[in-house]
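Values in this document were obtained by computation on a predicted structure and should not be read as measured data. Protein chains get the first letters and strands the later ones, always in sequence-line order, with residue 1 at the start of each. We use all heavy atoms of the structure for the numbers below, so side chains are in, but hydrogens, waters and symmetry mates are not.
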Amino acid sequence: MQNLVDGIVKAFQLLIQGDPEVIRITLLSLQVSGLATIISLLLGLPIGTFLALVNFPTKRFWISVINTGMALPPVVVGLIVSIFLWRSGPLGDLHLIYTPTAIVIAQVLISFPVAAGLIISALQQLDPRLRIQMLGLGASKIQMVLVLWKEARLPMFAAIIAAFGSVISEVGASMMVGGNLEGHTRVLTTAIVLETSRGVFASAIALSIILIGIAFLVNLGLTTIQQRNR
Amino acid sequence: MDTLLEIRNLAIMAGQNRILNLPELDVNRNEVLVLLGPNGAGKSTLLQAAAGLIKPTSGSVRFSGFSRLSDLEYRRKVSTVFQSPLLLTDTVRNNIATGLSFRGLSRKETYERVDRWMDLLHISHIKDRQARVLSGGEAQRVSLARAFCLETELILMDEPFSAVDAPTRQELLDDLRGVLSKTSQTCMYVTHDIDEALTIGDRVAVMFGGDLHQIGPVQTIFNHPKTPEVAAFMGVENIIPGVVAQANENIVSIKSGNTIVESVGNLPVGSSVFICLRPEDITLYTAEEEIRPSTARNRLLCRITSMVHQGSLIRVEMDSGIRLIALVTRPSVQELGLDVGRQVYAVFKASAIHLLPAKSANL
């Protein structure tokens, strides 16, 4: 119990003092996971829209692949990315292993299926006749898609929230491809693992509170936008 | 007559099934052409092809004088109203502006048009309401305004009122008819309801199983159906096959089984025909009753086999060697003491019969 109280007290000390290491870790977490979320959306919007709206023979197969990807364990992603980026691996010459870029790559693989999968279901929830109606009112294909995105805006925002949530909280992949290098690739989750393994619970709790606080603030912002657009 | 839309040799297949086969159909400028027929007749398919929403397997649909239009240019010359209003999660006013926004009209012009059409369709008072709180009738008015405000050359409507309740439907139909005649808007209107077709249509095209059976002014179709299917759909319940046995001066005697029926007509002896007779054109007398002298040439002794209530009337089915159906009022049923098993005379005029040559029945 004392650990918890100490942790909370320490967390506020660290925050108020503006501990440079904590700030750096926090900013890196936000940068890496934010960038991964944005890339996932840039890929997920067109791919998810295509899979939701266009009929082709292997469509169900690809949607199943995406849906399976939504439950992909981060450690498995970490393993795969490690194999590719390892110095002797196929992409070893890029020297990306144990860099923030490697973490972004791994997190994109985790959050892309979440974003795409939820975008597919958001668009497929709409009445399919709505597309015909919009075309029947003179919409171009692009205008029709924009109307559908707007009409599905609530679940589309849920896709952004879930995609960000899937990566800000993940530890396995960041640890494996980032290496938890101090001042370089240490993010909130990997720092918490380290502090816990060292038995420094107070520090781990402090970082956890910051992590939860960030997740809350980001989601609060997104949710506010989402609900205002109802 | 000024042709607006030309449909030629149109065929639409779904897999191996031909769901539409239309050698020729013209839509005239400023007319309301009703596509009438039962479910599966191909009406909606034809409408969607006319809207540029489905590609024909073969043949063409084009606006007169416009042979080369891109898909988008074509679609922007028409607007559509479907059975379900399919409104967006937005206000009434913004919903009506949807199609105009696709066309990039200025804000000022958009809202001028939107306001004018809301006025014409009596929905100005709900302009700021969210679409999701509207009643079915209001939502369909919004859908109509959304299509009309585009002021396209052709409006296509697919059973727009079949999902609203009967009183609302009558109101909507009356208002729509008013707007159509006020604006001389060309319109293709799909329905399976004869009354709607009679109310709104200038011309009616009757379709069955992907084929066009007859097209013409509403009254012509109603009074002179060309095929047994059209006759049956227009409420002719007695369609009896027979052969012309005797022909003299505009009156022919037709034999069906052992029954002889006389009809106005001019067909050679031996022709196969269908005798078409509306149930409301048959008068019933009890067998014991003295039949008043009348000009009715046909008097068949029948036995009543069933009596079923149909709205305010009673549908009486009879057997006289041929099966006949008559519609009678409740007071008549009581007065005559009609009941299943009783013998009655079915009396009808030779001029009440419409004869269909059997070969056109093989369409």
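Nearest heavy-atom pair across B:Arg75 and A:Gly138 is NH1-C, 4.2 Å.
Rounded to the nearest 0.5 Å, atoms CD1 (B:Ile96) and CG (A:Leu137) are 11.5 Å apart. Considering CD1 of A:Ile132 and CD1 of B:Ile54, their distance stands at 8.5 Å, rounded to 0.5 Å. The CG atom of B:Asp71 lies 7.0 Å from the NZ atom of A:Lys141; values are rounded to the nearest 0.5 Å.
A:Leu220 CG: more than 12 foreign heavy atoms inside a 6.0 Å radius. The number of heavy-atom neighbours closer than 6.0 Å to OH of B:Tyr111, taken from other residues, nucleotides and ligands shown, is above 12. Under a cut-off of 6.0 angstrom, the local environment of CH2 in A:Trp62 is sparse, with at most 12 non-hydrogen atoms contributed by other residues, nucleotides or ligands.
Of the possible polar contacts, one joining the A:Gln143 side chain to the B:Phe102 backbone as a donor-acceptor pair under 3.5 Å is found.
Side chains of B:Leu88 and A:Lys150 form no contact here, defined as non-hydrogen atoms less than 4.5 Å apart.
At a heavy-atom separation below 4.5 angstrom, chain A is approached by B:Arg146, B:Ala147 within residues 136-147 of chain B.
For B:Leu87, the part sitting under 4.5 Å from any heavy atom of chain A is the backbone (N, CA, C, O) and nothing else.
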Check your understanding: How far apart are the C-alpha atoms of B:Thr98 and A:Met134, what are their side-chain angles, what is the distance that settles it, and do they pass the side-chain contact (heavy atoms from CB on, under 4.5 Å) test?
Key -> CA-CA 8 Å; B:Thr98 308; A:Met134 289 305 124; 3.8 Å; yes
